[in-house]
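Notes follow the structure.
Just so you know, these numbers use all the heavy atoms, side chains as well, and skip hydrogens, waters and symmetry mates.
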Amino acid sequence: MTYRIATTGVSGIKDYLARLAGRKIQYRELHALNNVSFHVKKGEIVGIIGTNGAGKSTLLKLISGSIQPTSGKIVTDFSKVRLLTLGSGFDAELTGRENVYLNGSIIGLSRKFITEHFDEIVAFAELQDFIDEKVKNYSSGMRTRLAFSIATAGSMPAILLIDEALAVGDVFFREKCLNRIHDLIDQETTILLVSHDIDEIIGNCTHGIWIEKGLLRIAGDPKMVCEEYQHMIHNS
């Protein structure tokens, strides 16, 4: 996945369009992911680690189908994928109730499905007393609870992508989320989990992937992958 980033300073949209028309915009290429290739089997729990900016979130967006790769291809059934990422798909000016429908539609849930499971979503998120408050008044933990509850509502997704969404929130709700993840595992849901929590990766994943500076450094047993990652961190 390669992004083109403008290096020419512009003062506004009119200036940008004028420079673009005159081909005076200069770019540099940023290789967010470069020659990354791996397979995930049905029912696997794959932990993805790497430093900030390594390309982990870009990888999940590609797998979800929300962005397209510059080259290469992702082979999966995008209709069966749900992406859970912290703070994504919420409008701060809307209420929690309105955001349940907004976020649900973004991840591919029908209005009928959301209505049928609305009470379940709110109850799991423990937001019964706040569901009609604007989301801008929610704490980051409350937003995470609501997002996780929407993404895992009703019939379990075949493929669930979790991008650092368990990093925020109290320890009791994290335990609740992990219990639901284990329910997903029992139903052979395939899970890809981006996390900086080494213990979370080792304790819950069947496979590990280390992405660094857009490259796949190592993949395999989660404990081995995490040990290699920690060794790099401690010696950098």
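Atom CG in Leu127 sits 11.0 Å away from atom CD in Glu133 (nearest 0.5 Å). Note that the CD1 atom of Ile201 and the NZ atom of Lys223 stand 15.0 Å from one another [nearest 0.5 Å]. Atom CD of Glu93 and atom CD of Glu98 lie 10.5 Å apart (nearest 0.5 Å). Between atom OG1 of residue Thr58 and atom CD1 of residue Ile211 there is a gap of 10.5 Å, rounded to the nearest 0.5 Å. In this structure, Cys226 SG and Ile202 CD1 are separated by 4.5 Å, a value rounded to the nearest 0.5 Å. Note that the OG atom of Ser79 and the CD1 atom of Ile159 stand 8.5 Å from one another [nearest 0.5 Å].
One N or O on the side chain of Ser139 and one on the backbone of Met142 form a donor-acceptor pair closer than 3.5 Å. At distances below 3.5 Å, not a single donor-acceptor pair connects side-chain atoms of Asn103 with backbone N or O atoms of Asn99. One N or O on the side chain of Thr70 and one on the backbone of Thr2 form a donor-acceptor pair closer than 3.5 Å. When atom types are taken as modelled, the side chain of Thr144 and the backbone of Ser140 share a donor-acceptor pair closer than 3.5 angstrom. When atom types are taken as modelled, the side chain of Lys56 and the backbone of Gly50 share a donor-acceptor pair closer than 3.5 angstrom.
Residues Phe130 and Leu146 are not in side-chain contact: their nearest non-hydrogen atoms beyond the backbone lie 4.5 Å or more apart. Side chains of Arg82 and Ile150 form no contact here, defined as non-hydrogen atoms less than 4.5 Å apart. Residues Thr51 and Ile233 form a side-chain contact, since some pair of their non-hydrogen atoms from C-beta on lies under 4.5 Å apart. Contact of the Leu102 side chain with the Ile106 side chain is registered, since non-hydrogen atoms from C-beta on lie closer than 4.5 Å.
Between Cys205 and Pro222, the shortest heavy-atom distance links the atoms O-CG, 3.3 Å.
Tyr229 meets the ring-ring contact (aromatic ring centres under 6.0 Å, His included) test with Trp210; sequence neighbours excluded. Taking Ser64 as the reference, Ser66 meet the side chain to side chain donor-acceptor pair (under 3.5 Å) condition, with sequence neighbours excluded. Listed by chain and number, the residues in a side chain to side chain contact (heavy atoms under 4.5 Å, CB included) with Lys73 are Val75 (sequence neighbours excluded). Every residue meeting the side chain to side chain contact (heavy atoms under 4.5 Å, CB included) condition with Asp132, not counting sequence neighbours, appears here in chain and number order: Arg97. Ser71 is linked by a side chain to side chain donor-acceptor pair (under 3.5 Å) to nothing, counting only residues two or more places apart in sequence or in another chain. Not counting sequence neighbours, Gln230 has no partner by the side chain to side chain donor-acceptor pair (under 3.5 Å) test. With sequence neighbours left out, Val46 forms a side chain to side chain contact (heavy atoms under 4.5 Å, CB included) with Val40, Glu44, Ile48, Leu192, His207, Ile209. Applying the side chain to side chain contact (heavy atoms under 4.5 Å, CB included) test to Ala151 and every residue at least two apart in sequence or in another chain returns Leu84, Ile107, Leu160. The side chain to side chain donor-acceptor pair (under 3.5 Å) search around His231 returns Asn235, not counting sequence neighbours.
Counting heavy-atom neighbours within 6.0 Å of Gln128 CD, excluding the residue itself, gives a total above 12. With a 6.0 Å radius and a threshold of 12 heavy atoms from other residues, nucleotides or ligands, Asn179 has its CG atom above the threshold.
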Scan the side chains in residues 112-119 for donor-acceptor partners under 3.5 Å anywhere in the protein, sequence neighbours excluded, and list what turns up.
{"unit_1": "Lys112", "atom_1": "NZ", "unit_2": "Glu116", "atom_2": "OE2", "d": "2.6"}
{"unit_1": "Thr115", "atom_1": "OG1", "unit_2": "Tyr101", "atom_2": "OH", "d": "2.9"}
{"unit_1": "Thr115", "atom_1": "OG1", "unit_2": "Arg111", "atom_2": "O", "d": "3.0"}
{"unit_1": "His117", "atom_1": "ND1", "unit_2": "Glu120", "atom_2": "OE1", "d": "2.9"}

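Between Phe124 and Phe148, the angle of the ring planes stays under 30°, which puts this pair in the parallel group of the 30/60° scheme.
Cluster membership for Leu216 and Leu33, using ILVMFWY side-chain heavy atoms within less than 4.5 angstrom, is shared. By the criterion of side-chain heavy atoms lying less than 4.5 angstrom apart, applied directly or through intervening Ile, Leu, Val, Met, Phe, Trp or Tyr residues, Ile218 is not grouped with Leu215; the two fall into different hydrophobic clusters.
Applying the salt bridge (Lys or Arg N to Asp or Glu O under 4.0 Å) definition to pairs two or more places apart or across chains, none involves residues 209-222. Here ring-ring contact (aromatic ring centres under 6.0 Å, His included) pairs that include residues 31-82, with residues two or more places apart or in two chains, number zero.
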Exercise. Are Asp163 and Lys61 close enough, and set up right, to give a side chain to side chain contact (heavy atoms under 4.5 Å, CB included), and what steps lead you there?
Worked result: CA-CA 10 Å; Asp163 187 5; Lys61 289 176 182 177; 5.8 Å; no
